[in-house]
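We count ligands from 1, going down the list as the structure has it; atoms in each ligand are counted the same way. If you're wondering where the values come from, they're calculated on a predicted model, not measured in any experiment.
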Amino acid sequence: MEAWGGESIVILDFGSQYTQLIARRIREQKVFSVILPPRATIAEIREQRPAGVILSGGPASVTDRGAPTLDTGVFSLGVPVLGICYGLHLITVTGGGEVEKADRREYGHTVIAVERESDLFHETPAEQRVWMSHGDRAKKLPDGFSVTATSAEGVPAAMENPAKRVFALQFHPEVYHTAYGAEIIHNFLFRVCRCKPNWNSGSFVDREVEKIRNLVGGDRVLCAVSGGVDSSVMACLVDRAIGKQLVPVFVDNGLLRLHEAEEVKELLSQHLTTDLVFVDASEMFLGRLEGVVDAEKKRKIIGASFIDVFEEQSRIHGPFAFLAQGTLYPDVIESRSTVGPSATIKSHHNVGGLPDTLNFKLIEPLDLLFKDEVREVGRYLGLPDRSVKRHPFPGPGLAVRIPGAVTREDLDLLRRVDRIFIDALLREGLYDSVWQAFAVLLPVRSVGVMGDERTYQRSAVLRAVTSLDGMTADWARLPYEFLQQVSTDVINKVHGVNRVVYDISSKPPSTIEWE
Ligand code: XMP
(Lines give C-alpha, C1' and ligand atoms only; values in the text may rest on other atoms or scores of the structure.)
Protein backbone atom coordinates (compact mmCIF):
# COMPACT_ATOMS: atom_id res chain seq x y z
CA MET A 1 0.00 0.00 0.00
CA GLU A 2 1.33 3.39 -0.94
CA ALA A 3 0.45 6.93 -0.01
CA TRP A 4 -2.25 8.36 -2.24
CA GLY A 5 -0.18 11.42 -3.03
CA GLY A 6 -2.15 14.22 -1.38
CA GLU A 7 -2.28 15.38 2.22
CA SER A 8 -3.77 13.03 4.76
CA ILE A 9 -4.75 12.59 8.36
CA VAL A 10 -2.72 9.73 9.82
CA ILE A 11 -4.53 7.60 12.39
CA LEU A 12 -2.32 5.49 14.62
CA ASP A 13 -4.38 2.42 15.48
CA PHE A 14 -4.16 1.30 19.08
CA GLY A 15 -6.74 -1.40 18.44
CA SER A 16 -10.08 0.32 18.99
CA GLN A 17 -13.15 -1.23 17.42
CA TYR A 18 -13.86 2.28 16.14
CA THR A 19 -10.59 2.96 14.31
CA GLN A 20 -12.02 2.31 10.84
CA LEU A 21 -14.95 4.52 11.76
CA ILE A 22 -12.59 7.42 12.50
CA ALA A 23 -11.07 6.99 9.04
CA ARG A 24 -14.48 6.92 7.40
CA ARG A 25 -15.79 9.95 9.24
CA ILE A 26 -12.77 11.93 8.07
CA ARG A 27 -13.14 10.79 4.49
CA GLU A 28 -16.83 11.69 4.56
CA GLN A 29 -15.59 15.25 5.02
CA LYS A 30 -13.49 14.87 1.86
CA VAL A 31 -10.14 14.60 3.59
CA PHE A 32 -8.05 11.50 3.01
CA SER A 33 -7.18 9.45 6.08
CA VAL A 34 -4.90 6.50 6.50
CA ILE A 35 -4.60 3.98 9.33
CA LEU A 36 -1.11 2.96 10.42
CA PRO A 37 -0.01 0.58 13.16
CA PRO A 38 1.32 2.31 16.29
CA ARG A 39 4.79 0.97 15.58
CA ALA A 40 4.90 2.93 12.27
CA THR A 41 8.11 4.92 12.09
CA ILE A 42 8.16 8.69 11.91
CA ALA A 43 9.48 8.35 8.35
CA GLU A 44 6.49 6.18 7.41
CA ILE A 45 4.14 8.73 8.91
CA ARG A 46 5.84 11.52 6.97
CA GLU A 47 5.45 9.59 3.72
CA GLN A 48 1.70 10.01 4.08
CA ARG A 49 2.07 13.80 4.02
CA PRO A 50 0.15 14.23 7.28
CA ALA A 51 -1.79 17.40 7.95
CA GLY A 52 -2.58 15.99 11.38
CA VAL A 53 -2.22 12.83 13.45
CA ILE A 54 -4.95 11.05 15.41
CA LEU A 55 -4.18 8.58 18.17
CA SER A 56 -7.06 6.11 18.29
CA GLY A 57 -8.68 4.46 21.27
CA GLY A 58 -7.77 0.94 22.25
CA PRO A 59 -8.63 -1.90 24.60
CA ALA A 60 -5.45 -1.64 26.70
CA SER A 61 -4.83 0.51 29.74
CA VAL A 62 -1.74 2.70 29.75
CA THR A 63 -1.31 1.58 33.35
CA ASP A 64 -0.77 -2.05 32.23
CA ARG A 65 2.64 -3.44 31.58
CA GLY A 66 3.19 -4.08 27.87
CA ALA A 67 0.50 -1.58 26.83
CA PRO A 68 1.22 -0.11 23.38
CA THR A 69 3.26 3.04 23.47
CA LEU A 70 3.77 6.07 21.33
CA ASP A 71 6.85 7.38 19.56
CA THR A 72 6.86 10.91 20.96
CA GLY A 73 8.40 12.00 17.65
CA VAL A 74 4.80 12.50 16.47
CA PHE A 75 4.70 15.67 18.57
CA SER A 76 7.63 17.04 16.59
CA LEU A 77 6.16 16.47 13.13
CA GLY A 78 4.94 20.05 13.13
CA VAL A 79 1.29 19.04 12.70
CA PRO A 80 -1.61 18.96 15.18
CA VAL A 81 -2.24 15.79 17.18
CA LEU A 82 -5.61 14.58 18.48
CA GLY A 83 -5.84 11.75 20.98
CA ILE A 84 -9.09 9.86 21.44
CA CYS A 85 -9.70 7.87 24.66
CA TYR A 86 -6.58 5.66 24.88
CA GLY A 87 -4.93 8.39 22.79
CA LEU A 88 -5.77 10.90 25.54
CA HIS A 89 -4.20 8.63 28.14
CA LEU A 90 -1.06 8.29 26.02
CA ILE A 91 -0.77 12.04 25.60
CA THR A 92 -1.19 12.37 29.35
CA VAL A 93 1.51 9.91 30.38
CA THR A 94 4.01 10.83 27.67
CA GLY A 95 3.64 14.49 28.69
CA GLY A 96 4.39 13.76 32.34
CA GLY A 97 0.80 13.63 33.60
CA GLU A 98 -0.93 10.77 35.39
CA VAL A 99 -3.68 8.34 34.48
CA GLU A 100 -5.67 6.41 37.06
CA LYS A 101 -8.15 3.59 36.81
CA ALA A 102 -11.63 4.99 37.45
CA ASP A 103 -13.77 3.43 40.22
CA ARG A 104 -16.24 2.43 37.65
CA ARG A 105 -16.19 2.19 33.90
CA GLU A 106 -17.93 4.98 32.06
CA TYR A 107 -19.69 3.42 29.13
CA GLY A 108 -22.44 4.77 26.90
CA HIS A 109 -24.07 8.19 26.79
CA THR A 110 -23.02 11.02 29.02
CA VAL A 111 -23.39 14.76 28.89
CA ILE A 112 -20.31 16.94 28.88
CA ALA A 113 -20.00 20.59 29.71
CA VAL A 114 -17.69 22.60 27.47
CA GLU A 115 -15.86 24.94 29.81
CA ARG A 116 -13.52 26.94 27.66
CA GLU A 117 -13.15 28.43 24.28
CA SER A 118 -11.66 25.73 22.10
CA ASP A 119 -11.20 25.34 18.35
CA LEU A 120 -12.40 21.76 18.61
CA PHE A 121 -15.77 22.76 20.07
CA HIS A 122 -16.24 25.79 17.81
CA GLU A 123 -19.94 26.43 17.15
CA THR A 124 -21.11 23.51 19.26
CA PRO A 125 -23.33 23.89 22.37
CA ALA A 126 -22.04 24.33 25.93
CA GLU A 127 -23.66 21.03 26.89
CA GLN A 128 -23.63 18.06 24.56
CA ARG A 129 -24.27 14.33 24.55
CA VAL A 130 -21.26 12.16 23.84
CA TRP A 131 -20.39 8.46 23.74
CA MET A 132 -17.89 7.23 26.32
CA SER A 133 -16.19 3.88 26.57
CA HIS A 134 -13.32 3.81 28.99
CA GLY A 135 -12.06 2.65 32.35
CA ASP A 136 -9.18 5.09 32.84
CA ARG A 137 -9.13 8.84 33.36
CA ALA A 138 -6.58 11.61 33.38
CA LYS A 139 -5.77 12.40 37.00
CA LYS A 140 -3.00 14.92 36.52
CA LEU A 141 -2.76 16.80 33.26
CA PRO A 142 0.59 17.15 31.49
CA ASP A 143 2.27 20.56 31.62
CA GLY A 144 0.77 23.16 29.35
CA PHE A 145 -2.62 21.42 29.12
CA SER A 146 -5.94 22.64 30.38
CA VAL A 147 -9.32 20.94 30.59
CA THR A 148 -11.77 22.20 27.98
CA ALA A 149 -14.75 19.96 28.82
CA THR A 150 -15.84 17.83 31.77
CA SER A 151 -18.17 14.85 31.90
CA ALA A 152 -21.18 14.55 34.22
CA GLU A 153 -19.03 12.21 36.30
CA GLY A 154 -16.45 14.93 36.78
CA VAL A 155 -13.90 13.31 34.47
CA PRO A 156 -11.87 15.52 32.09
CA ALA A 157 -13.71 14.91 28.79
CA ALA A 158 -11.40 17.08 26.71
CA MET A 159 -8.06 18.78 27.21
CA GLU A 160 -5.67 20.68 25.02
CA ASN A 161 -2.40 22.48 24.70
CA PRO A 162 -3.24 25.02 22.01
CA ALA A 163 0.29 26.39 21.81
CA LYS A 164 1.63 22.95 20.89
CA ARG A 165 -1.54 22.11 18.93
CA VAL A 166 -2.16 18.90 20.87
CA PHE A 167 -5.79 18.01 21.65
CA ALA A 168 -7.38 15.07 23.39
CA LEU A 169 -10.88 13.72 23.93
CA GLN A 170 -11.99 11.14 26.45
CA PHE A 171 -15.12 10.38 24.40
CA HIS A 172 -15.56 9.11 20.84
CA PRO A 173 -16.41 11.82 18.26
CA GLU A 174 -16.47 9.18 15.47
CA VAL A 175 -19.50 7.38 16.91
CA TYR A 176 -22.95 8.55 15.75
CA HIS A 177 -24.21 8.68 19.32
CA THR A 178 -21.91 11.65 19.94
CA ALA A 179 -24.29 14.47 19.05
CA TYR A 180 -21.67 16.89 17.67
CA GLY A 181 -19.05 14.34 16.66
CA ALA A 182 -19.08 15.31 12.99
CA GLU A 183 -18.68 19.00 13.93
CA ILE A 184 -15.78 18.22 16.26
CA ILE A 185 -14.04 16.21 13.55
CA HIS A 186 -14.80 18.99 11.08
CA ASN A 187 -13.23 21.54 13.44
CA PHE A 188 -10.14 19.39 13.85
CA LEU A 189 -9.76 18.96 10.10
CA PHE A 190 -10.48 22.46 8.92
CA ARG A 191 -9.91 24.85 11.85
CA VAL A 192 -7.00 23.07 13.50
CA CYS A 193 -5.25 21.18 10.67
CA ARG A 194 -6.33 23.55 7.88
CA CYS A 195 -6.99 20.66 5.53
CA LYS A 196 -8.40 21.12 2.06
CA PRO A 197 -11.48 19.03 1.22
CA ASN A 198 -10.08 17.47 -1.93
CA TRP A 199 -10.58 13.74 -1.42
CA ASN A 200 -13.29 12.65 -3.82
CA SER A 201 -13.88 10.12 -6.56
CA GLY A 202 -12.64 12.46 -9.28
CA SER A 203 -9.33 13.24 -7.60
CA PHE A 204 -8.90 9.57 -6.67
CA VAL A 205 -9.52 8.35 -10.21
CA ASP A 206 -7.22 10.98 -11.77
CA ARG A 207 -4.35 10.07 -9.49
CA GLU A 208 -4.86 6.31 -9.79
CA VAL A 209 -5.04 6.45 -13.56
CA GLU A 210 -1.77 8.34 -13.67
CA LYS A 211 -0.14 5.97 -11.17
CA ILE A 212 -1.25 2.87 -13.07
CA ARG A 213 0.00 4.29 -16.37
CA ASN A 214 3.39 5.12 -14.90
CA LEU A 215 3.68 1.74 -13.25
CA VAL A 216 2.57 -0.40 -16.16
CA GLY A 217 4.29 1.41 -19.01
CA GLY A 218 3.89 -0.70 -22.12
CA ASP A 219 3.28 -3.99 -20.25
CA ARG A 220 0.10 -6.01 -20.16
CA VAL A 221 -2.18 -6.62 -17.19
CA LEU A 222 -4.41 -9.60 -16.43
CA CYS A 223 -7.39 -9.52 -14.10
CA ALA A 224 -10.32 -11.69 -13.08
CA VAL A 225 -13.78 -10.16 -13.04
CA SER A 226 -16.81 -11.68 -11.36
CA GLY A 227 -19.45 -9.05 -11.88
CA GLY A 228 -19.17 -8.08 -8.20
CA VAL A 229 -18.72 -4.42 -7.27
CA ASP A 230 -15.04 -4.59 -6.37
CA SER A 231 -13.75 -6.39 -9.44
CA SER A 232 -16.01 -4.38 -11.78
CA VAL A 233 -14.84 -1.04 -10.40
CA MET A 234 -11.22 -2.21 -10.38
CA ALA A 235 -11.44 -3.35 -14.02
CA CYS A 236 -13.09 -0.09 -15.14
CA LEU A 237 -10.42 1.95 -13.40
CA VAL A 238 -7.50 0.01 -14.87
CA ASP A 239 -9.26 0.04 -18.23
CA ARG A 240 -9.46 3.81 -18.05
CA ALA A 241 -5.72 3.93 -17.42
CA ILE A 242 -4.42 1.45 -19.98
CA GLY A 243 -7.33 0.29 -22.17
CA LYS A 244 -6.41 -2.68 -24.32
CA GLN A 245 -3.29 -3.52 -22.33
CA LEU A 246 -5.76 -4.93 -19.79
CA VAL A 247 -7.18 -8.43 -20.30
CA PRO A 248 -10.17 -9.05 -18.01
CA VAL A 249 -11.23 -12.69 -17.69
CA PHE A 250 -14.70 -13.77 -16.63
CA VAL A 251 -15.16 -17.43 -15.74
CA ASP A 252 -18.60 -19.04 -15.87
CA ASN A 253 -18.22 -21.86 -13.36
CA GLY A 254 -21.76 -23.15 -13.80
CA LEU A 255 -22.57 -22.02 -10.26
CA LEU A 256 -23.89 -18.57 -11.09
CA ARG A 257 -27.38 -17.20 -10.68
CA LEU A 258 -30.02 -17.23 -13.42
CA HIS A 259 -28.75 -15.37 -16.55
CA GLU A 260 -25.90 -13.93 -14.47
CA ALA A 261 -23.12 -14.83 -16.89
CA GLU A 262 -24.85 -13.12 -19.83
CA GLU A 263 -25.77 -10.08 -17.73
CA VAL A 264 -22.24 -9.57 -16.47
CA LYS A 265 -20.84 -10.09 -19.94
CA GLU A 266 -23.17 -7.48 -21.38
CA LEU A 267 -22.61 -4.98 -18.60
CA LEU A 268 -18.83 -5.17 -18.64
CA SER A 269 -18.67 -5.13 -22.40
CA GLN A 270 -20.57 -1.85 -22.31
CA HIS A 271 -18.26 -0.27 -19.75
CA LEU A 272 -14.84 -1.48 -20.79
CA THR A 273 -12.95 -0.35 -23.85
CA THR A 274 -10.89 -3.53 -23.81
CA ASP A 275 -12.40 -6.89 -24.76
CA LEU A 276 -13.68 -9.22 -22.08
CA VAL A 277 -12.42 -12.79 -22.24
CA PHE A 278 -15.41 -14.97 -21.44
CA VAL A 279 -14.66 -18.55 -20.46
CA ASP A 280 -17.43 -21.10 -20.11
CA ALA A 281 -15.87 -23.66 -17.78
CA SER A 282 -19.13 -24.90 -16.31
CA GLU A 283 -18.69 -28.47 -17.61
CA MET A 284 -15.34 -28.75 -15.89
CA PHE A 285 -16.50 -27.31 -12.55
CA LEU A 286 -19.71 -29.32 -12.39
CA GLY A 287 -17.93 -32.50 -13.49
CA ARG A 288 -15.34 -32.14 -10.73
CA LEU A 289 -18.06 -31.44 -8.16
CA GLU A 290 -20.13 -34.50 -9.01
CA GLY A 291 -20.99 -36.50 -5.89
CA VAL A 292 -18.92 -34.25 -3.59
CA VAL A 293 -20.85 -33.67 -0.36
CA ASP A 294 -18.43 -31.98 2.01
CA ALA A 295 -18.62 -28.16 1.94
CA GLU A 296 -14.91 -27.52 2.40
CA LYS A 297 -14.09 -30.08 -0.32
CA LYS A 298 -16.46 -28.31 -2.66
CA ARG A 299 -14.75 -25.00 -1.88
CA LYS A 300 -11.30 -26.48 -2.50
CA ILE A 301 -12.33 -28.04 -5.81
CA ILE A 302 -13.87 -24.79 -6.98
CA GLY A 303 -10.81 -22.78 -5.89
CA ALA A 304 -8.39 -25.16 -7.60
CA SER A 305 -10.48 -25.29 -10.78
CA PHE A 306 -10.58 -21.52 -10.92
CA ILE A 307 -6.82 -21.39 -10.73
CA ASP A 308 -6.51 -24.01 -13.50
CA VAL A 309 -8.76 -22.00 -15.78
CA PHE A 310 -6.99 -18.77 -14.95
CA GLU A 311 -3.53 -20.21 -15.55
CA GLU A 312 -4.61 -21.53 -18.90
CA GLN A 313 -6.04 -18.16 -19.88
CA SER A 314 -2.88 -16.40 -18.80
CA ARG A 315 -0.90 -18.72 -21.10
CA ILE A 316 -3.28 -18.20 -24.00
CA HIS A 317 -3.45 -14.41 -23.73
CA GLY A 318 -0.07 -13.72 -22.09
CA PRO A 319 2.61 -12.85 -21.33
CA PHE A 320 1.51 -10.57 -18.51
CA ALA A 321 3.71 -8.58 -16.17
CA PHE A 322 0.91 -7.56 -13.81
CA LEU A 323 -2.16 -8.93 -12.12
CA ALA A 324 -4.83 -6.44 -11.01
CA GLN A 325 -7.00 -7.27 -8.01
CA GLY A 326 -9.92 -5.58 -6.26
CA THR A 327 -8.51 -5.75 -2.72
CA LEU A 328 -10.15 -3.20 -0.41
CA TYR A 329 -8.78 -1.19 2.50
CA PRO A 330 -10.42 -3.23 5.31
CA ASP A 331 -8.62 -6.33 3.97
CA VAL A 332 -5.33 -4.46 4.05
CA ILE A 333 -5.93 -3.25 7.60
CA GLU A 334 -7.03 -6.69 8.80
CA SER A 335 -4.10 -8.51 7.27
CA ARG A 336 -1.70 -6.08 8.95
CA SER A 337 -2.27 -6.89 12.57
CA THR A 338 -1.95 -3.98 14.95
CA VAL A 339 -2.11 -4.43 18.67
CA GLY A 340 -4.69 -6.95 19.85
CA PRO A 341 -6.78 -7.54 16.74
CA SER A 342 -10.12 -5.73 16.86
CA ALA A 343 -12.56 -8.68 17.02
CA THR A 344 -12.21 -10.41 13.68
CA ILE A 345 -14.87 -13.04 13.19
CA LYS A 346 -14.83 -13.47 9.43
CA SER A 347 -12.74 -16.33 8.14
CA HIS A 348 -11.31 -15.46 4.80
CA HIS A 349 -12.46 -18.03 2.34
CA ASN A 350 -11.73 -16.17 -0.79
CA VAL A 351 -12.05 -18.65 -3.58
CA GLY A 352 -11.07 -16.02 -6.13
CA GLY A 353 -7.57 -15.92 -4.58
CA LEU A 354 -4.67 -16.71 -6.85
CA PRO A 355 -1.46 -18.58 -6.02
CA ASP A 356 1.88 -16.79 -5.77
CA THR A 357 3.30 -19.12 -8.41
CA LEU A 358 1.69 -17.05 -11.13
CA ASN A 359 4.52 -14.65 -10.46
CA PHE A 360 2.85 -11.41 -11.38
CA LYS A 361 3.44 -8.03 -9.92
CA LEU A 362 0.25 -6.92 -8.18
CA ILE A 363 -1.83 -3.83 -8.89
CA GLU A 364 -4.45 -3.19 -6.24
CA PRO A 365 -5.90 0.20 -7.12
CA LEU A 366 -8.73 0.03 -4.56
CA ASP A 367 -6.56 -0.89 -1.61
CA LEU A 368 -7.08 2.51 0.02
CA LEU A 369 -10.87 2.50 -0.26
CA PHE A 370 -13.76 1.47 1.93
CA LYS A 371 -16.68 -0.30 0.28
CA ASP A 372 -18.90 2.79 0.12
CA GLU A 373 -16.05 4.70 -1.54
CA VAL A 374 -15.66 1.90 -4.10
CA ARG A 375 -19.34 2.27 -4.92
CA GLU A 376 -18.90 6.02 -5.36
CA VAL A 377 -15.91 5.54 -7.63
CA GLY A 378 -17.97 3.01 -9.61
CA ARG A 379 -20.72 5.57 -10.07
CA TYR A 380 -18.17 8.19 -11.08
CA LEU A 381 -16.84 5.77 -13.70
CA GLY A 382 -20.35 5.40 -15.07
CA LEU A 383 -21.31 1.98 -13.72
CA PRO A 384 -25.07 1.67 -13.20
CA ASP A 385 -26.76 1.17 -9.82
CA ARG A 386 -27.46 -2.49 -10.51
CA SER A 387 -23.71 -2.97 -10.59
CA VAL A 388 -22.53 -0.71 -7.76
CA LYS A 389 -25.33 -1.68 -5.38
CA ARG A 390 -25.10 -5.38 -6.07
CA HIS A 391 -25.18 -7.73 -3.09
CA PRO A 392 -22.00 -9.71 -2.38
CA PHE A 393 -21.93 -13.17 -3.92
CA PRO A 394 -19.57 -15.89 -2.68
CA GLY A 395 -16.79 -17.17 -4.94
CA PRO A 396 -18.09 -20.78 -4.79
CA GLY A 397 -21.48 -19.44 -5.84
CA LEU A 398 -24.57 -21.60 -5.63
CA ALA A 399 -22.48 -24.61 -4.59
CA VAL A 400 -22.57 -23.35 -0.99
CA ARG A 401 -26.32 -22.78 -1.23
CA ILE A 402 -27.09 -26.43 -1.98
CA PRO A 403 -26.03 -28.35 1.12
CA GLY A 404 -24.54 -31.67 -0.01
CA ALA A 405 -23.83 -32.78 -3.57
CA VAL A 406 -24.53 -30.29 -6.37
CA THR A 407 -26.56 -31.44 -9.37
CA ARG A 408 -27.70 -29.56 -12.45
CA GLU A 409 -31.34 -30.19 -11.55
CA ASP A 410 -30.90 -28.68 -8.11
CA LEU A 411 -29.00 -25.73 -9.54
CA ASP A 412 -31.88 -25.14 -11.88
CA LEU A 413 -34.44 -25.26 -9.05
CA LEU A 414 -32.38 -22.99 -6.84
CA ARG A 415 -31.83 -20.45 -9.62
CA ARG A 416 -35.54 -20.11 -10.18
CA VAL A 417 -36.35 -19.68 -6.48
CA ASP A 418 -33.52 -17.18 -6.06
CA ARG A 419 -34.67 -15.16 -9.06
CA ILE A 420 -38.24 -14.89 -7.78
CA PHE A 421 -36.96 -13.68 -4.40
CA ILE A 422 -34.48 -11.15 -5.79
CA ASP A 423 -36.91 -9.82 -8.39
CA ALA A 424 -39.51 -9.31 -5.67
CA LEU A 425 -37.02 -7.44 -3.50
CA LEU A 426 -36.13 -5.19 -6.42
CA ARG A 427 -39.76 -4.65 -7.36
CA GLU A 428 -40.76 -3.71 -3.81
CA GLY A 429 -37.78 -1.41 -3.31
CA LEU A 430 -36.35 -3.65 -0.58
CA TYR A 431 -33.19 -4.82 -2.34
CA ASP A 432 -31.02 -1.91 -1.14
CA SER A 433 -32.26 -2.23 2.44
CA VAL A 434 -30.48 -5.55 2.91
CA TRP A 435 -26.80 -6.45 2.75
CA GLN A 436 -27.40 -9.74 1.02
CA ALA A 437 -30.40 -11.86 0.06
CA PHE A 438 -30.56 -15.27 -1.55
CA ALA A 439 -32.24 -18.65 -1.53
CA VAL A 440 -30.90 -22.00 -0.33
CA LEU A 441 -32.18 -25.36 -1.56
CA LEU A 442 -32.38 -27.94 1.20
CA PRO A 443 -31.80 -31.64 0.59
CA VAL A 444 -35.04 -32.30 2.50
CA ARG A 445 -38.37 -33.36 1.10
CA SER A 446 -41.63 -32.71 2.88
CA VAL A 447 -45.27 -33.49 2.30
CA GLY A 448 -47.67 -31.00 0.83
CA VAL A 449 -51.01 -30.86 -0.96
CA MET A 450 -51.57 -29.17 -4.27
CA GLY A 451 -55.09 -29.38 -5.59
CA ASP A 452 -56.18 -32.89 -4.70
CA GLU A 453 -52.72 -34.30 -4.89
CA ARG A 454 -50.27 -35.12 -2.24
CA THR A 455 -46.80 -33.80 -3.05
CA TYR A 456 -43.46 -34.82 -1.71
CA GLN A 457 -41.03 -32.14 -2.72
CA ARG A 458 -38.06 -30.01 -1.73
CA SER A 459 -37.85 -27.12 0.73
CA ALA A 460 -36.27 -23.78 -0.04
CA VAL A 461 -34.92 -21.26 2.45
CA LEU A 462 -35.06 -17.53 1.94
CA ARG A 463 -32.19 -15.70 3.62
CA ALA A 464 -31.89 -11.92 3.87
CA VAL A 465 -29.54 -10.16 6.27
CA THR A 466 -28.58 -6.67 7.26
CA SER A 467 -24.92 -6.02 7.94
CA LEU A 468 -22.22 -3.38 7.71
CA ASP A 469 -19.38 -5.56 6.52
CA GLY A 470 -20.48 -9.19 6.53
CA MET A 471 -18.58 -9.90 9.74
CA THR A 472 -21.69 -9.77 11.86
CA ALA A 473 -25.21 -9.81 10.51
CA ASP A 474 -28.82 -9.77 11.60
CA TRP A 475 -31.75 -11.35 9.77
CA ALA A 476 -33.72 -8.76 7.87
CA ARG A 477 -37.20 -7.99 9.17
CA LEU A 478 -38.88 -8.21 5.76
CA PRO A 479 -42.64 -7.55 5.84
CA TYR A 480 -44.82 -10.65 6.38
CA GLU A 481 -46.97 -9.83 3.36
CA PHE A 482 -43.88 -9.66 1.21
CA LEU A 483 -42.60 -13.01 2.45
CA GLN A 484 -46.00 -14.54 1.96
CA GLN A 485 -46.13 -13.33 -1.65
CA VAL A 486 -42.66 -14.70 -2.41
CA SER A 487 -43.57 -18.03 -0.82
CA THR A 488 -46.74 -18.28 -2.88
CA ASP A 489 -44.92 -17.36 -6.08
CA VAL A 490 -42.14 -19.87 -5.46
CA ILE A 491 -44.48 -22.76 -4.70
CA ASN A 492 -46.76 -21.94 -7.62
CA LYS A 493 -44.04 -21.39 -10.16
CA VAL A 494 -41.16 -23.65 -9.22
CA HIS A 495 -42.32 -27.18 -9.71
CA GLY A 496 -40.36 -29.35 -7.30
CA VAL A 497 -40.48 -26.98 -4.30
CA ASN A 498 -43.52 -27.21 -2.00
CA ARG A 499 -42.25 -25.47 1.12
CA VAL A 500 -40.56 -22.13 1.76
CA VAL A 501 -39.01 -21.15 5.08
CA TYR A 502 -37.41 -17.88 6.20
CA ASP A 503 -34.09 -18.01 8.02
CA ILE A 504 -34.23 -15.96 11.25
CA SER A 505 -30.69 -16.63 12.51
CA SER A 506 -28.13 -13.93 13.17
CA LYS A 507 -24.37 -14.06 12.73
CA PRO A 508 -22.93 -15.00 15.13
CA PRO A 509 -23.74 -17.71 16.07
CA SER A 510 -24.91 -18.65 12.56
CA THR A 511 -23.14 -17.58 9.38
CA ILE A 512 -24.65 -15.79 6.42
CA GLU A 513 -24.23 -18.69 4.01
CA TRP A 514 -25.47 -22.18 4.85
CA GLU A 515 -22.19 -23.88 4.09
P1 XMP B 1 -20.38 -16.19 6.05
O2 XMP B 1 -21.21 -17.27 5.44
O3 XMP B 1 -19.02 -16.65 6.46
O4 XMP B 1 -20.14 -15.14 4.89
O5 XMP B 1 -21.11 -15.47 7.14
C6 XMP B 1 -19.66 -13.83 5.04
C7 XMP B 1 -19.61 -13.20 3.66
O8 XMP B 1 -18.66 -13.90 2.86
C9 XMP B 1 -19.29 -14.50 1.73
N10 XMP B 1 -18.72 -15.83 1.57
C11 XMP B 1 -17.76 -16.12 0.68
N12 XMP B 1 -17.11 -15.35 -0.22
N13 XMP B 1 -15.87 -17.20 -0.92
C14 XMP B 1 -16.18 -15.91 -1.04
O15 XMP B 1 -15.62 -15.23 -1.89
C16 XMP B 1 -16.46 -18.06 -0.05
O17 XMP B 1 -16.14 -19.23 0.02
C18 XMP B 1 -17.46 -17.47 0.80
N19 XMP B 1 -18.26 -17.98 1.78
C20 XMP B 1 -19.01 -16.94 2.25
C21 XMP B 1 -20.77 -14.55 2.07
O22 XMP B 1 -21.58 -14.56 0.90
C23 XMP B 1 -20.94 -13.31 2.90
O24 XMP B 1 -21.06 -12.16 2.09
Side-chain angles (χ1 to χ4, degrees), residues 223-234 249-257 260 264 285 288-289 292-307 309-310 325-328 330-332 334-335 343-355 364 366 370-372 374-375 388-404 406 411 414-415 417-418 421-422 425 431-442 461-476 503-515:
C223 76
V225 284
S226 65
V229 186
D230 308 343
S231 67
S232 301
V233 174
M234 176 275 294
V249 177
F250 177 85
V251 181
D252 180 355
N253 57 10
L255 302 163
L256 304 175
R257 287 164 290 196
E260 187 168 22
V264 171
F285 278 84
R288 290 186 184 180
L289 283 171
V292 182
V293 174
D294 180 75
E296 283 314 298
K297 255 199 201 140
K298 289 197 275 184
R299 274 206 170 77
K300 289 219 171 77
I301 290 172
I302 295 164
S305 305
F306 182 82
I307 289 165
V309 172
F310 208 72
Q325 287 188 329
T327 313
L328 303 196
D331 300 329
V332 176
E334 269 164 40
S335 62
T344 306
I345 299 153
K346 186 164 81 179
S347 61
H348 273 279
H349 24 215
N350 237 336
V351 163
L354 293 166
E364 297 182 308
L366 310 181
F370 291 108
K371 191 92 178 181
D372 39 358
V374 173
R375 294 202 167 99
V388 294
K389 288 188 171 176
R390 215 169 127 103
H391 291 170
F393 186 66
L398 300 183
V400 291
R401 295 176 180 173
I402 300 178
V406 178
L411 281 168
L414 177 57
R415 283 193 180 108
V417 179
D418 186 77
F421 185 30
I422 299 299
L425 286 165
Y431 184 87
D432 294 341
S433 69
V434 299
W435 160 266
Q436 204 170 359
F438 54 89
V440 177
L441 185 71
L442 297 186
V461 178
L462 305 180
R463 177 88 164 129
V465 296
T466 53
S467 175
L468 280 179
D469 50 15
M471 291 196 207
T472 60
D474 196 7
W475 59 279
D503 184 344
I504 55 165
S505 334
S506 300
K507 171 184 180 175
S510 301
T511 53
I512 296 176
E513 303 289 347
W514 271 53
E515 279 199 332

(Q) Test your reading of the structure: does Phe393 have an N or O sitting under 3.5 Å from an N or O of ligand 1? (A) no
(Q) Among residues at least two apart in sequence or on other chains, which ones pass salt bridge (charged side-chain N to carboxylate O under 4.0 Å, His left out) with Asp372? (A) Arg24
Q) Hey, is ligand 1 close enough to Glu513 that some N/O pair sits below 3.5 Å? A) yes
Q. Ligand 1 and Gly395, any nitrogen or oxygen pair closer than 3.5 angstrom?
A. yes
(Q) Quick check on ring pair (Phe, Tyr, Trp, His ring centres under 6.0 Å): which of Trp435, Phe421, Tyr431 does His391 satisfy it with? (A) Tyr431
Q.
Taking 4.0 angstrom as the limit and counting only heavy atoms of Thr511, give me the atoms of ligand 1 inside it, by number and element.
A. 1 (P), 2 (O), 5 (O)
Q. At what distance, to the nearest 0.5 angstrom, does CG of Asn253 lie from CG of Leu289?
A. 8.5 Å
(Q) Name the residue from Leu398, Leu462, Ile422, Ile512 that meets the side-chain contact (heavy atoms from CB on, under 4.5 Å) definition with Phe438. (A) Ile512
Q: Give the atoms of ligand 1, by number and element, whose distance to some non-hydrogen atom of Pro396 is under 4.0 Å.
A: 13 (N), 16 (C), 17 (O)
**Q.** Element-labelled atoms of ligand 1 that are located less than 4.0 Å from some non-hydrogen atom of Gln436
**A.** 21 (C), 22 (O), 23 (C), 24 (O)
(Q) Under the rule for salt bridge (charged side-chain N to carboxylate O under 4.0 Å, His left out), what residues qualify as partners of Arg257, not counting sequence neighbours? (A) Glu260
